[in-house]
Amino acid sequence: MHLKSSPHFLRFCFLLLSITLYSCSTSKKLANQSYQPAGIDAASIVSKIPDNKDQLYSVKGEGRAIVSEPGNTERVTLLFASNRQKSLVTIRNGIGIEGGQLLTDGDTLLIYNKIDKYARKIPIHGSNLDHINRLAALNILDIISYSFSAGEVQEILENDETYKLILAAGAKVYIDKQSYLVQKVVQPEYSQLPYSKITYDAYGSLNGFTLPRRITIFGAEEKSKIALQLTALKLNPDLNSLTINLPNDIPVYYR
């Protein structure tokens with residue numbers, strides 16, 4: 001007996017086959033994203049990552065930042081100047097009013113609140129920093145131009161698109177396999193740093209340096225973040241001593 005397939009039956013078979021092929025393709029794609037030990041040494045990877053540390057010694061610029069935390073989002077403009085030792089950030093609100101300045105030397109953060117007219121100096125490590133203070137507590141130059149040595153790498157994992165380098169201090173650095181640019185840096189909980197993760201995007205070339213234009217910093221408790229879009233950047237400018245000139249009548253508090 002000859003069976004003649006109906007159009008409805010054929011459409012059903014085609015749909016079933018499509019779903020099956022899609023499921024297999026999706027499973028394969030997900031499987032390829034899992035990390036496996038990499039068959040490459042650290043020096044081979046690190047040598048291809050743009051390393052500006054010896055040639056880039058200061059930056060000055062401006063950026064727009066969106067500060068997000070539970071129940072609140074704020075847009076500010078940041079003016080910054082930074083060398084490898086110090087970093088100075090000036091904050092303006094959405095209507096251009098200068099609210100304060102923040103200066104870090106890597107160990108302490110000096111906060112000058114121009115609105116409420118006080119200054120506070122606090123240690124960076126182990127402190128529960130909030131709002132824009134997380135960004136200012138970090139050296140802006142070190143953030144823009146993140147670098148590390150091959151000797152710091154303890155383990156290398158990979159998937160189809162990314163190398164994951166685990167450093168001796170516990171940080172995990174994610175490197176794009178095609179461009180060899182840093183995509184993300186994740187810190188362990190015990191690091192006592194004021195951030196848990198930094199992501200990098202929109203790389204571009206400026207004066208021979210390859211640098212990110214978009215940087216997102218996540219708070220240590222992972223409930224807040226600062227999305228920074230660089231709008232102006234000068235490389236290796238001559239910077240005077242980076243200081244905050246506090247008025248004589250401004251009290252300085254310590255904690």
Side-chain angles (χ1 to χ4, degrees), residues 46 49-63 65 76-92 98-114 119-152 167-171 173 182 185 187 191-198 200 206-213 215 217 219-220 226 228 230-247 250 252-255:
V46 174
I49 301 172
D51 185 4
N52 309 314
K53 192 167 186 178
D54 294 333
Q55 294 79 33
L56 185 58
Y57 51 83
S58 65
V59 293
K60 186 176 183 180
E62 185 174 330
V76 298
T77 297
L78 305 180
L79 291 82
F80 57 85
S82 178
N83 54 32
R84 294 293 177 181
Q85 290 75 43
K86 292 184 178 182
S87 190
L88 176 64
V89 175
T90 301
I91 304 172
R92 291 177 180 168
E98 189 172 303
Q101 291 181 293
L102 305 102
L103 176 68
T104 182
D105 59 6
D107 295 319
T108 60
L109 176 65
L110 175 61
I111 303 170
Y112 173 30
N113 187 322
K114 287 190 174 183
R120 188 179 301 276
K121 194 169 187 178
I122 59 177
I124 291 174
H125 298 280
S127 297
N128 186 22
L129 299 174
D130 57 5
H131 305 293
I132 204 70
N133 297 343
R134 290 192 183 88
L135 175 62
L138 305 172
N139 185 291
I140 298 294
L141 178 54
D142 288 341
I143 295 175
I144 294 174
S145 177
Y146 182 83
S147 64
F148 58 96
S149 67
E152 296 178 70
L167 307 187
V173 184
V182 177
V185 178
Q187 296 290 348
S191 70
Q192 292 190 331
L193 291 172
Y195 74 96
S196 61
K197 179 173 65 176
I198 299 179
Y200 297 91
L206 180 62
N207 298 343
F209 296 97
T210 302
L211 301 168
R213 286 288 183 174
I215 303 170
I217 301 170
I226 300 169
L228 175 63
L230 299 179
T231 56
L233 190 63
K234 293 181 180 179
L235 305 181
N236 291 332
D238 291 329
L239 299 178
N240 297 324
S241 58
L242 297 175
T243 59
I244 295 178
N245 296 316
L246 296 174
I250 295 296
V252 180
Y253 301 95
Y254 294 86
R255 67 167 183 170

Checking Y200 side chain against I143 main chain: does a donor-acceptor pair fall under 3.5 Å? yes
Answer whether the closest heavy-atom distance between the side chains of V59 and L235 falls below 4.5 Å. yes
Considering all heavy atoms, the nearest A81-L239 contact: CB-CD2, 4.1 Å
Roughly how far, to the nearest 0.5 Å, is CG of N139 from NZ of K86? 12.0 Å
Over all heavy atoms of both residues, which pair between N83 and L141 is shortest? Give the atoms and the distance, please. C-CD2, 3.8 Å
Checking Q85 now: which residues fulfil side-chain hydrogen bond (donor to acceptor under 3.5 Å, both in side chains) with it, not counting sequence neighbours? none
Listed by chain and number, what are the salt bridge (charged side-chain N to carboxylate O under 4.0 Å, His left out) partners of D51, not counting sequence neighbours? none
If the condition is side chain to side chain contact (heavy atoms under 4.5 Å, CB included), which residues does Y112 pass it with, not counting sequence neighbours? Q101, K114, I244, L246, P247, I250
Sorted by chain and residue number, the side chain to side chain contact (heavy atoms under 4.5 Å, CB included) partners of N236 (sequence neighbours excluded) come out as L56, Y57, S58, F209
Give me the atom names and distance for the closest heavy-atom approach of N52 to T210. ND2-O, 3.8 Å
So for atom CZ, which belongs to R213, do other residues, nucleotides or ligands contribute more than 12 heavy atoms lying within a distance under 6.0 Å? yes
How close do L230 and P212 get, heavy atom to heavy atom, and via which atoms? CD1-O, 3.5 Å
Residues passing the side chain to side chain contact (heavy atoms under 4.5 Å, CB included) test with T243, sequence neighbours excluded, are S241, N245
Looking at every heavy atom in both L78 and A65, which two are closest together, and how far apart are they? CD1-CB, 4.0 Å
Side-chain donor or acceptor of T108 paired with backbone N/O of I122 under 3.5 Å: no
Taking side-chain hydrogen bond (donor to acceptor under 3.5 Å, both in side chains) as the test, write out the residues that go with N207, two or more places apart. none
Over all heavy atoms of both residues, which pair between S87 and I140 is shortest? Give the atoms and the distance, please. OG-CG1, 3.0 Å
Would you mind reporting whether I198 and Y146 have side-chain heavy atoms less than 4.5 Å apart? no
Are the side chains of S145 and R84 in touch, meaning some heavy atoms are under 4.5 Å apart? yes
